[in-house]
There are 2 protein chains.
Amino acid sequence: MALGPGSQTHADVLRSTIRGAGLKVTAPRVAVLDVLQHAPHSSAEQVFAEVRKSLSGTSAQAVYGILAAFTGAGLVRRFDPPDSPALFECRVGDNHHHLACIGCGLIQDVDCVIREAPCLTPSDDSGFTIFSAEVTFNGLCRTCQSNRAPQTA
Amino acid sequence: MALGPGSQTHADVLRSTIRGAGLKVTAPRVAVLDVLQHAPHSSAEQVFAEVRKSLSGTSAQAVYGILAAFTGAGLVRRFDPPDSPALFECRVGDNHHHLACIGCGLIQDVDCVIREAPCLTPSDDSGFTIFSAEVTFNGLCRTCQSNRAPQTA
DNA sequence: CAGTTGTTTTGACAGACTCAAAACAACTGC
DNA sequence: GCAGTTGTTTTGAGTCTGTCAAAACAACTG
């Protein structure tokens with residue numbers, strides 16, 4: 001890839017994404033965003049471990065702070081599956097949902113059939129102003145199904 | 001209320017509910033189920049505090065164990081809102097969803113318009129066998145809206 | 001009423017996350 | 001470029017939620 005003077009590296013894109021959200025651009029922030037793009041559904045600790053591979057001086061608290069800042073700025077989405085620490089991903093604003101495997105904890109994205117706002121309009125909002133909806137399907141993934149199927153005793 | 005020999009007290013109903021789920025009936029279990037019926041969306045600690053009012057000898061670990069047993073038996077439903085410990089409720093199997101207030105943490109039940117399985121059928125289940133769906137709407141409750149509205153600066 | 005089985009207590013412990021203050025780095029204007 | 005301001009990161013301690021294991025105990029069976 002010949003990168004001419006006008007072209008942007010991947011890191012440049014990350015930087016402008018961060019700045020575009022009104023946040024200062026720092027090395028750990030770029031690293032966190034990069035990790036999240038390559039490994040969605042990561043826990044804070046997983047992000048931390050990945051970031052340390054390139055930026056060994058980064059602290060765990062920095063990662064928590066960055067994830068909180070990104071979540072607040074709408075750059076990443078956080079969700080709390082049962083029996084798991086909070087997970088983070090940067091697919092945001094496209095209204096997709098999650099399949100969670102009860103057996104192995106695998107998380108998979110699913111697009112909603114109704115593209116816009118699925119059950120985003122509850123029958124009775126009780127005066128709430130809804131900002132976002134989190135839809136999580138609990139089930140068993142293909143692998144866990146075959147592992148458990150034999151136990152039909 | 002004249003309770004004749006054939007009638008059931010509330011405690012009797014609780015006991016047969018527990019036994020019906022294949023679990024042994026014990027005082028702390030009855031108490032936990034009772035608390036959950038009167039105060040849905042309770043955290044483990046809230047349940048523990050309530051239970052101790054009537055059964056002062058009960059331990060926190062017992063409550064955790066009971067909640068886990070009830071959840072496994074399908075008697076109660078557990079869900080994990082962001083920025084909050086896990087909550088428990090005994091409305092189960094009626095496919096209702098939750099409104100969560102970002103401001104004050106208030107949780108409110110909502111019935112789904114589509115009565116059976118709302119987004120319970122994702123567009124692509126990726127080979128998963130779906131057991132249940134958790135739908136959480138994040139927003140601001142009426143009270144928090146009026147508290148924040150003035151800050152239009 | 002005794003035996004078996006499962007529950008609860010007790011106490012230690014681990015994981016996820018937060019708080020506060022000092023050291024530090026990014027963006028502003030000069 | 002360079003200093004100043006503002007916000008970020010580090011460091012270190014600490015909190016909260018929830019887990020594990022073994023012994024004491026209570027509920028259901030016959």
Side-chain angles (χ1 to χ4, degrees), chain A residues 11-12 14-33 35 41-52 54-73 75-76 78-88 105 107, chain B residues 11-12 14-35 41-52 54-73 75-76 78-88 105:
Chain A
D12 285 334
L14 295 178
R15 276 190 272 273
S16 48
T17 303
I18 295 170
R19 192 170 300 116
L23 297 169
K24 280 191 180 174
V25 175
T26 67
R29 286 184 171 181
V30 174
V32 166
L33 193 55
V35 167
H41 312 144
S42 293
S43 66
E45 185 163 323
Q46 287 171 327
V47 172
F48 175 52
E50 274 305 307
V51 167
R52 283 195 82 113
S54 46
L55 268 73
S56 56
T58 311
S59 68
Q61 284 69 6
V63 173
Y64 280 106
I66 290 166
L67 289 172
F70 281 3
T71 305
L75 238 48
V76 312
R78 173 200 163 126
F79 68 108
D80 297 69
D83 305 316
S84 157
L87 302 184
F88 300 85
I107 304 284
Chain B
D12 285 334
L14 295 177
R15 274 190 273 272
S16 49
T17 304
I18 295 170
R19 192 170 298 117
L23 297 169
K24 282 189 178 175
V25 175
T26 66
R29 285 185 173 182
V30 174
V32 167
L33 193 55
D34 192 41
V35 167
H41 313 142
S42 293
S43 68
E45 185 163 324
Q46 287 171 327
V47 172
F48 175 51
E50 275 303 309
V51 167
R52 282 194 83 113
S54 46
L55 267 73
S56 55
T58 311
S59 68
Q61 284 68 6
V63 173
Y64 279 106
I66 291 166
L67 289 171
F70 281 2
T71 305
L75 238 48
V76 312
R78 173 200 163 126
F79 68 107
D80 298 69
D83 305 317
S84 156
L87 302 184
F88 300 86

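In the text below, chain A, chain B and the rest are named by the order of the sequence lines, each starting its count at 1.
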With side chains defined as the heavy atoms from C-beta onward, is the minimum distance between A:I107 and A:F79 less than 4.5 Å?
-> yes
Mind checking what makes side-chain contact (heavy atoms from CB on, under 4.5 Å) contact with A:S43, not counting sequence neighbours?
-> A:E45, A:Q46, A:P85, A:L87
Sequence neighbours left out, what passes salt bridge (Lys or Arg N to Asp or Glu O under 4.0 Å) with B:D80? Give chain and number order.
-> B:R78
Please work out if A:T58 contacts a base, only the sugar-phosphate, or nothing of the nucleic acid, heavy-atom cut-off 4.0 Å.
-> sugar-phosphate
5'-most contact on DNA chain D (nearest-nucleotide basis), B:S84 vs A:L23, goes to A:L23
Which part of the nucleic acid does A:A27 contact within heavy-atom distance under 4.0 Å: base, sugar-phosphate only, or nothing?
-> nothing
Can you sort out which residues in residues 63-73 of chain B have a heavy atom within less than 4.0 Å of DNA chain C? Ascending by number, please.
-> B:I66
For A:A11, what residues pass the side-chain contact (heavy atoms from CB on, under 4.5 Å) criterion, not counting sequence neighbours?
-> A:T9, A:R15
Between the base of D:dT19 and the side chain of B:Q61, is there any donor-acceptor pair under 3.5 Å?
-> yes
Looking at every strand, decide which applies to B:A60 at a 4.0 Å heavy-atom threshold: base, sugar-phosphate, or nothing.
-> nothing
Starting from the first five and the last five pairs of the helix from C:dC1-D:dG30 to C:dC30-D:dG1, work out the angle between the resulting helix axes, to 10 degrees.
-> 50°
Give the C-alpha distance, both sets of side-chain angles, the deciding distance and a yes or no for side-chain contact (heavy atoms from CB on, under 4.5 Å) between A:F70 and A:V32.
-> CA-CA 10 Å; A:F70 281 3; A:V32 166; 4.1 Å; yes
How would you label the contact of B:R15 with the nucleic acid (heavy atoms, under 4.0 Å): base, sugar-phosphate, or nothing?
-> nothing
What one should report as the nearest heavy-atom pair of B:L67 and B:T71 is O-OG1, 2.6 Å
Residues at least two apart in sequence or cross-chain that pass ring pair (Phe, Tyr, Trp, His ring centres under 6.0 Å) with B:F48, listed by chain then number, are none
Using the heavy-atom set of chain B and a strict 4.0 Å cut-off, write down the first and last nucleotide of DNA chain C that makes it in, 5' to 3'.
-> C:dT5 to C:dA12
With a cut-off of 3.5 Å and sequence neighbours excluded, list every side-chain donor-acceptor pair involving residues 54-63 of chain A.
unit_1	atom_1	unit_2	atom_2	d
A:S54	OG	A:V51	O	3.3
A:T58	OG1	A:L55	O	2.9
A:S59	OG	A:A62	N	3.2

Taking all non-hydrogen atoms of both residues, which atom of B:Y64 and which atom of B:A44 are closest, and how far apart?
-> CE2-CB, 3.6 Å
Contact class for A:T26 (heavy atom, under 4.0 Å): base, sugar-phosphate, or nothing?
-> sugar-phosphate
Write down the distance between NZ (A:K24) and C1' (D:dG4), rounded to a whole number of angstrom.
-> 11 Å
Which side-chain N or O atoms in residues 19-30 of chain B pair as donor and acceptor under 3.5 Å with protein atoms at least two apart or in another chain?
unit_1	atom_1	unit_2	atom_2	d
B:T26	OG1	B:R29	N	3.4
B:R29	NH1	B:K24	O	3.1

Residues in side-chain contact (heavy atoms from CB on, under 4.5 Å) with B:T17, at least two apart?
-> B:V13, B:L33, B:L75
